[in-house]
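All values reported here derive from a predicted model rather than from experimental measurement. Below, chains carry the letters A, B, ... as their sequence lines are ordered, and counting in each starts from 1.
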Number of protein chains: 2
Amino acid sequence: MSEVSENVGALANSVFANIANKWALLIIETLGTETLRFSQIKARMNGVSHKMLAQTLRNLERDGIVNRTPYATVPPRVDYCLTDAGRELQQTVHGICHWTRSHLDHIEAARQRFDSAGG
Amino acid sequence: MSEVSENVGALANSVFANIANKWALLIIETLGTETLRFSQIKARMNGVSHKMLAQTLRNLERDGIVNRTPYATVPPRVDYCLTDAGRELQQTVHGICHWTRSHLDHIEAARQRFDSAGG
DNA sequence: CTGGATCCGTCAGGATACTG
DNA sequence: CAGTATCCTGACGGATCCAG
């Protein structure tokens with residue numbers, strides 16, 4: 001209960017903070033079961049900056065969610081794909097994306113209701 | 001091909017930004033199938049501030065994910081629970097929380113590997 | 001092409017105080 | 001107890017340049 005649990009809590013918290021953000025979830029969803037290069041990922045995601053993509057990709061790699069494979073060619077080429085753990089996570093992330101898409105009208109209606117109610 | 005952030009863009013993006021953050025996901029997970037008061041939610045969540053809880057709760061309510069029920073008693077009392085749509089979402093969110101918990105050691109190992117590799 | 005570093009503006013988010 | 005407003009700091013995130 002004392003220190004061990006707190007450490008686990010802190011770790012879980014930092015892990016959660018790493019994956020519970022827009023870019024991380026979108027990267028995971030974008031990768032899916034594919035293997036993509038840096039520029040391909042960037043092209044498929046709307047409005048992600050060079051910096052944030054590199055940074056988030058790096059975090060995901062560090063957590064063993066994304067697999068990074070650099071090739072010593074000229075010009076350089078780096079492939080990214082989900083690890084086994086990453087693919088497990090992708091299943092649930094996909095669920096969120098699916099939910100978001102299929103509830104867009106529901107949410108838009110709820111917002112209008114809320115806003116016109118003087119919220 | 002139709003990614004979350006392609007054509008549907010603006011709305012999907014704002015919806016996604018609302019739920020794809022640490023506090024929103026943790027609130028959804030904390031609520032689960034229960035009905036809790038403001039102070040109860042705050043007590044169950046680790047390190048959330050009064051402000052962020054109120055703010056995130058408000059966003060979730062606006063998007064029709066959380067149901068807010070105020071009672072005109074003294075002292076005031078407000079109950080929160082997930083809506084039907086919210087409970088659907090909670091299923092997948094729970095998947096992420098479950099994944100995080102069951103992969104903590106995997107991730108910790110991956111981090112140590114990454115850090116000691118001179119990352 | 002990939003990715004790190006730097007500068008810099010914007011805003012998330014914590015602390016506090018006040019209302020009902 | 002619940003919610004809002006204010007202030008303020010640090011982190012996020014974009015643009016750009018440099019390196020391999």
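- When rounded to the nearest whole Å, the span between OH of A:Tyr71 and C1' of C:dG3 equals 18 Å.
- Between B:Asn18 atom CG and C:dG13 atom C1' the separation is 15 Å, expressed in whole Å.
- The side chain of A:Ser49 approaches D:dG14 more closely than any other nucleotide in the set D:dC1, D:dG14, C:dG4.
- Checked by distance alone, A:His50 brings a side-chain donor or acceptor within 3.5 Å of a matching partner on the base of C:dG3.
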Problem set entry | Working for side-chain contact (heavy atoms from CB on, under 4.5 Å), residues B:Leu36 and B:Asp79 | CA-CA 5 Å; B:Leu36 299 174; B:Asp79 282 352; over 6 Å; no
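- Separating the CG atom of B:Asn21 from the P atom of D:dA11 is a distance of 18 Å, rounded to the nearest angstrom.
- For the residue pair B:Ser14 / A:Arg111, a side-chain donor-acceptor distance below 3.5 Å is found, with atom types taken as modelled.
- For C:dG3, one of the phosphate oxygens OP1 or OP2 lies less than 4.0 angstrom from a side-chain nitrogen or oxygen of A:Tyr80.
- Counting to the nearest Å, the P atom of C:dG3 and the CG atom of A:Asn59 are 14 Å from each other.
- In this model, the phosphate group of D:dA2 is approached by a side-chain N or O of B:Arg37 to a distance below 4.0 Å at OP1 or OP2.
- Computed from coordinates, the A:Arg77 CZ to D:dG20 C1' distance equals 18 Å when rounded to whole Å.
- Checking the phosphate oxygens (OP1, OP2) of D:dA2, no side-chain nitrogen or oxygen of B:Arg68 falls inside 4.0 Å.
- One interatomic measurement links the two molecules: CG of A:Leu36 to P of C:dC1, which rounds to 16 Å at whole-angstrom precision.
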For this session: Test side-chain contact (heavy atoms from CB on, under 4.5 Å) on A:Phe16 and B:Leu26 and set out the steps.
Result: CA-CA 9 Å; A:Phe16 209 79; B:Leu26 284 178; 3.8 Å; yes
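- Judged by closest nucleotide on DNA chain D, B:Gln40 is the one of B:Gln40 and B:Lys51 placed further toward the 5' end.
- Contact of the A:Met45 side chain with the A:Glu29 side chain is not registered, since no non-hydrogen atoms from C-beta on lie closer than 4.5 Å.
- Checked against C:dG14, D:dT4, C:dT2, the side chain of B:Ala54 finds its nearest nucleotide in D:dT4.
- Among D:dG13, C:dG14, C:dG3, the nucleotide with an atom closest to any side-chain atom of A:Val78 is C:dG3.
- The shortest distance between side-chain heavy atoms of A:Pro75 and A:Arg77 does not fall below 4.5 Å.
- Remark: C1' of C:dG13 and CH2 of B:Trp23 are 10 Å apart, rounded to the nearest angstrom.
- For B:Met52, whose side chain is taken as the heavy atoms from C-beta onward, the closest listed nucleotide among C:dT2, D:dA2, C:dG14 is C:dG14.
- Rounded to an integer number of Å, the gap from CG of A:Leu53 to P of D:dG14 is 11 Å.
- Looking at which nucleotide of DNA chain C each of A:Pro75 and A:Gln55 is closest to, the 5′-most match is held by A:Pro75.
- Distances shown here put every side-chain N or O of A:Thr73 at or beyond 4.0 Å from the OP1 or OP2 atom of C:dC1.
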